[in-house]
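A short write-up of the structure that comes next.
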Amino acid sequence: MDRHAELEERTRYEAAEVESRVFAAWRDNNVFTADPSAPGEPYCIALPPPNVTGSLHMGHALNGAVQDLLIRWRRMQGRNVLWQTGTDHAGIATQMVVERELAKEGKTRHDLGREAFVERVWKWKQSTGSTIIEQYKRLGASMDYSRERFTMDDQYALAVQDVFVELHRRGYIYRDNYLVNWSVPLATAISDLEVEHKDVDDVLYEVAYAVEGGGEIIIATVRPVTILADVAIAVHPNDPRYASLVGKQAIVPIVGRRVPIITDERVEIDFGTGALKITPGHDPLDFEIGKDHGLETLSAIGLDGKLGELVPEWAGLSADEGHLRAVERLQEEGALRQEIPYRHSVGFCQRSGARIEPLVSLQWFCRMDELAKPAIDVVKSREVRFHPERMEKIYLDWMEQIRPWCVSRQLWWGHRLPVWFAPDGSFVVQVEQPEGEGWEQSTDVLDTWFSSALWPYATLGWPEATPELAKWYPGNVLVTGRDIINLWVARMIMTGIAFADGLPFTDVYINSTIQAADGRRMSKSLGTGVDPLDLIDQYGADATRYGLIKMCSTQDVRFAEGMIDEGRGLANKLWNASRLVLLNSDPDAAPAPNGLESADRWILDRLAATIESVTTDYEDFQFSAATKTLYSFIWNEFCDWYLEAIKARLYGDDAGSKRAASETALFVIERTLGLLHPICPFVTEELWSFLPNRTGLLALSDFPTTAGIPRDAEAARTVGAIIEAVTGLRRLRQDAELSPRAPLVATISGDATALRAEAALLAALGTVELVDAAATGPAVPLPAGSATLHIQGDGLAGKLRGRLAKRRDEALAEVKKTEGKLANAKFVDRAPPEIVAEERDRAARFARDAAELEAQLAALDAG
RNA sequence: GGGCGGUUAGCUCAGCUGGUUAGAGCACCUGCUUUACACGCAGGGGGUCGCCGGUUCGAAUCCGGCACCGCCCACCA
């Protein structure tokens with residue numbers, strides 16, 4: 001079947017059929033494959049690597065749609081683009097997935113042992129780890145699939161170890177016994193950023209400690225079980241209530257330990273009783289105070305989450321059970337004075353959901369202050385820009401008070417620390433195993449975010465000086481979510497500056513968070529998730545991309561399926577508009593800005609304005625605005641007005657006029673396909689293949705510019721007047737209950753030059769014939785008060801009486817409002833003269849319209 | 001506890017540095033088998049722009065306060 005006949009048959013855009021075929025064409029033509037030796041200014045975006053455990057959710061789809069928009073647009077602009085793709089090993093998440101799998105077989109990872117377990121995880125990764133990357137293809141993502149990387153690739157792992165060793169050499173990384181966030185179920189430390197704070201209803205227990213030499217001191221705690229590990233009581237130095245007790249010894253209930261009463265300015269006088277029990281083993285503030293006062297650190301609860309030997313008969317109890325026992329014992333001892341309901345914020349493990357147990361353990365830390373300094377500067381100086389700008393506050397607030405980062409994890413899946421222990425317990429930090437016998441590598445692995453921090457350059461081969469690194473580093477844009485600004489974005493900037501000698505990107509676009517339609521978080525477990533692949537099946541990838549981009553501006557949004565549907569409508573509209581033009585053009589007609597008639601010049605003028613607007617929107621990261629501009633240009637200006645205006649010419653016998661219409665329409669379509677391609681790549685690529693004189697793929701064609709497109713303000717005004725006239729006529733027909741296509745005869749009063757010159761266009765769109773006769777019929781006021789159409793026809797006016805009166809009243813209301821303004825001396829004095837002139841003009845215009853309508857009504861009354 | 005964002009038509013959202021009759025899509029009503037599209041065409045109804053003050057000739061837009069909603073940060077036990 002030839003293409004013309006094929007197009008004739010395909011009366012609607014069938015996304016599913018087109019998408020696989022078009023995607024294959026892109027792949028077969030290596031559209032996505034980046035070549036560092038190719039010409040063109042480099043442009044690089046690194047995909048935020050999804051977890052290997054992930055499957056494409058709405059956030060990924062939006063994130064991918066935005067990146068693909070940028071990548072396709074820049075590619076069309078002739079840049080040498082690389083969209084780097086790959087996945088993250090996601091230490092905790094992946095280990096949990098495989099452990100769950102093992103649990104189904106009735107096993108734990110300990111049954112396998114570390115080596116076998118890690119092997120099992122690798123196997124799992126090989127079989128399902130690229131699922132999500134495959135899903136990105138459905139979306140049309142033009143990432144370079146041939147360069148897919150994984151954060152545990154050999155080369156990548158080497159980069160990670162190099163960075164660790166170098167950070168240690170520079171003195172940033174150190175090992176310390178410190179109070180960390182401990183996740184009991186995961187049996188590992190986690191970083192501050194992996195802790196989620198939630199409000200919890202607890203009880204504040206006030207507990208009396210006897211003081212040696214008489215008296216007592218009452219403290220407040222929400223965790224009585226930690227009393228077992230108390231080593232002091234602290235009060236504020238200026239607190240008169242306790243001045244006489246300072247320096248004495250208090251007796252810790254339950255365990256009977258003698259502890260000093262000390263002073264410290266960090267104690268809040270106003271909170272609780274003003275006396276604070278010091279438990280360095282279980283509280284961050286206490287840990288600090290204990291360190292400064294040289295106090296011992298005791299632990300009531302161990303790394304297994306169970307009670308230790310401080311109370312031998314309680315050893316092995318869970319922390320919760322310990323809590324109950326402690327309360328019970330305090331009551332027995334008469335030490336429990338009050339139980340106060342207390343709502344406060346408590347930390348939870350982001351991954352396991354368990355309440356964080358602050359515990360002391362030997363961990364590896366990275367001092368961040370010196371790394372942060374230059375990274376703060378580049379944001380303050382706008383070398384790195386956030387979009388929207390306010391997001392940089394999240395970054396700066398955190399960076400300016402940054403604390404050491406606990407980078408070690410007690411997991412099995414991840415990058416083992418390049419730390420080697422000798423049998424005597426001493427260690428060296430280096431990549432290779434040291435010479436000699438008995439060296440054991442650290443069993444700890446690194447925080448997943450440690451390796452992610454190197455993503456923009458480790459994926460390009462760093463530390464080797466690869467052509468890729470030379471070409472695409474520093475990179476350009478990062479597109480990601482707000483939740484990982486500090487977790488990831490900040491760390492990429494810091495390590496990029498410190499190691500890769502440059503910024504990983506200059507612009508950070510923070511995409512919206514999409515909530516479920518009811519405003520809740522979109523999540524699988526809540527059942528509020530919407531699967532983007534289902535949307536692609538139902539509406540098509542273009543529609544899904546369009547809808548996501550449209551619904552997301554600079555704030556979080558509720559998912560609105562209607563916007564996806566709008567995208568489907570637009571794709572179909574464009575499809576059929578193109579069919580109309582392609583099926584009704586001469587075989588040798590080719591796209592050209594043939595501005596023969598006003599309508600042609602008008603649509604070219606509108607096209608140029610649209611190109612400017614969309615290009616600016618893309619440049620300014622205003623993607624939602626671009627969808628709106630494109631929609632109204634395609635649907636309203638091109639289809640509703642231009643195509644309707646030229647239909648008669650396309651079907652008619654005037655060869656010159658027909659040719660101009662075809663060429664202009666083809667030209668507009670050609671450029672519009674280019675403009676829309678970054679948002680809707682499939683339908684535009686498919687239509688491109690039907691255009692005459694096309695060369696190659698749209699994805700590799702030039703992005704439209706306004707060069708060679710004539711602007712024509714005169715045509716814009718003329719066609720604007722025609723549109724107003726036609727709209728007025730349609731309204732009048734409806735008001736008079738005439739058939740939509742009932743032919744009308746009309747005369748014009750006022751300045752009718754433009755309308756007379758375009759009588760054919762007016763006739764074609766408005767089914768109206770202009771005649772020279774006295775102006776008598778119902779009035780259709782035209783813009784700017786320049787002219788009025790009068791419709792001839794017996795009995796017409798009578799039917800219109802109500803509507804005419806209504807429109808007259810509307811006009812009068814405007815006159816009144818505007819004249820009121822003008823009567824205000826202050827307004828006339830103080831408002832800018834051009835505003836005042838505008839108002840005067842307005843008043844005159846509406847007064848004229850009202851008068852015309854009034855005259856009609858008067859004539860009716862007279863007749 | 002600190003900070004940020006939101007509150008505009010029944011629903012989901014646009015409205016930039018204050019100035020035409022506050023817009024769009026969907027939904028709703030009316031009329032159209034017009035040879036690109038019924039995933040269509042035309043017309044219409046619907047909003048005192050969360051509340052209270054202030055600045056200004058003029059406020060959806062700027063400022064202050066309040067009320068809800070959402071998010072981020074945070075070592076007051």
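Throughout, protein chains are lettered first and strands after them, A, B, ... in sequence-line order, and every chain is numbered starting at 1.
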For [X] and [Y], indicate whether the former's side chain and the latter's backbone hold a donor-acceptor pair under 3.5 Å.
{"X": "A:W575", "Y": "A:R10", "result": "yes"}
{"X": "A:D283", "Y": "A:T279", "result": "no"}
{"X": "A:T627", "Y": "A:S624", "result": "yes"}
{"X": "A:R337", "Y": "A:E206", "result": "no"}

Using a heavy-atom cut-off of under 4.0 Å over every strand shown, decide if [X] touches base, sugar-phosphate, or nothing.
{"X": "A:R12", "result": "base"}
{"X": "A:D565", "result": "nothing"}
{"X": "A:R482", "result": "sugar-phosphate"}

d([atom1], [X]; [atom2], [N]) in whole Å:
{"X": "A:Y395", "N": "B:C71", "atom1": "OH", "atom2": "C1'", "answer": "21 Å"}
{"X": "A:L179", "N": "B:A77", "atom1": "CG", "atom2": "C1'", "answer": "14 Å"}
{"X": "A:H197", "N": "B:G70", "atom1": "NE2", "atom2": "C1'", "answer": "18 Å"}
{"X": "A:N576", "N": "B:C41", "atom1": "CG", "atom2": "P", "answer": "10 Å"}
{"X": "A:N572", "N": "B:G40", "atom1": "CG", "atom2": "P", "answer": "7 Å"}

Worksheet item: Of A:V222 and A:F846, whose nearest nucleotide on RNA chain B comes first from the 5' end?
Response: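 Taking each residue's closest nucleotide, the earlier one in sequence belongs to A:F846.
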
Practice prompt. Between A:P832 and A:K393, name the one whose nearest nucleotide on RNA chain B is closer to the 5' end.
Written response: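 With A:P832 and A:K393 compared, the 5'-side residue is A:K393.
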
Can you tell which of [options] lies closest to the side chain of [X]?
{"X": "A:S553", "options": "B:A42, B:A14, B:G19", "answer": "B:A14"}
{"X": "A:A560", "options": "B:C75, B:C37, B:U12", "answer": "B:U12"}
{"X": "A:Q734", "options": "B:C76, B:C71, B:U30", "answer": "B:U30"}

Practice prompt. Treating a pair as Watson-Crick (purine N1 to pyrimidine N3 plus N6-O4 or O6-N4) or G-U wobble (N1-O2 and O6-N3) with both distances under 3.5 Å, list the stems of 3 or more consecutive pairs that involve RNA chain B.
Written response: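 For RNA chain B the paired stretches long enough to count as stems (3 pairs minimum) are B:1-7 with B:67-73, B:10-13 with B:23-26, B:28-32 with B:40-44, B:50-54 with B:62-66.
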
Discussion item. Please determine whether a side-chain nitrogen or oxygen atom of A:Y342 lies at a distance below 4.0 Å from atom OP1 or OP2 of B:A77.
Written reply: yes

Whole-angstrom distance between [N] and [M], as gauged at atom [atom1]:
{"N": "B:A60", "M": "B:G47", "atom1": "C1'", "answer": "11 Å"}
{"N": "B:G19", "M": "B:A59", "atom1": "C1'", "answer": "10 Å"}
{"N": "B:A42", "M": "B:C37", "atom1": "P", "answer": "15 Å"}

Discussion item. Any donor-acceptor pair, under 3.5 Å, between the side chain of A:S345 and the base of B:A74, if you only look at N and O atoms?
Written reply: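 Such a pair is found, so the answer is yes.
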
Worksheet item: Which residues pass the side chain to side chain contact (heavy atoms under 4.5 Å, CB included) test with A:E265, sequence neighbours left out?
Response: A:H236, A:P237

Discussion item. Give the residues of residues 276-284 of chain A touching RNA chain B, defined as any heavy atom closer than 4.0 Å, sorted by residue number.
Written reply: A:L276

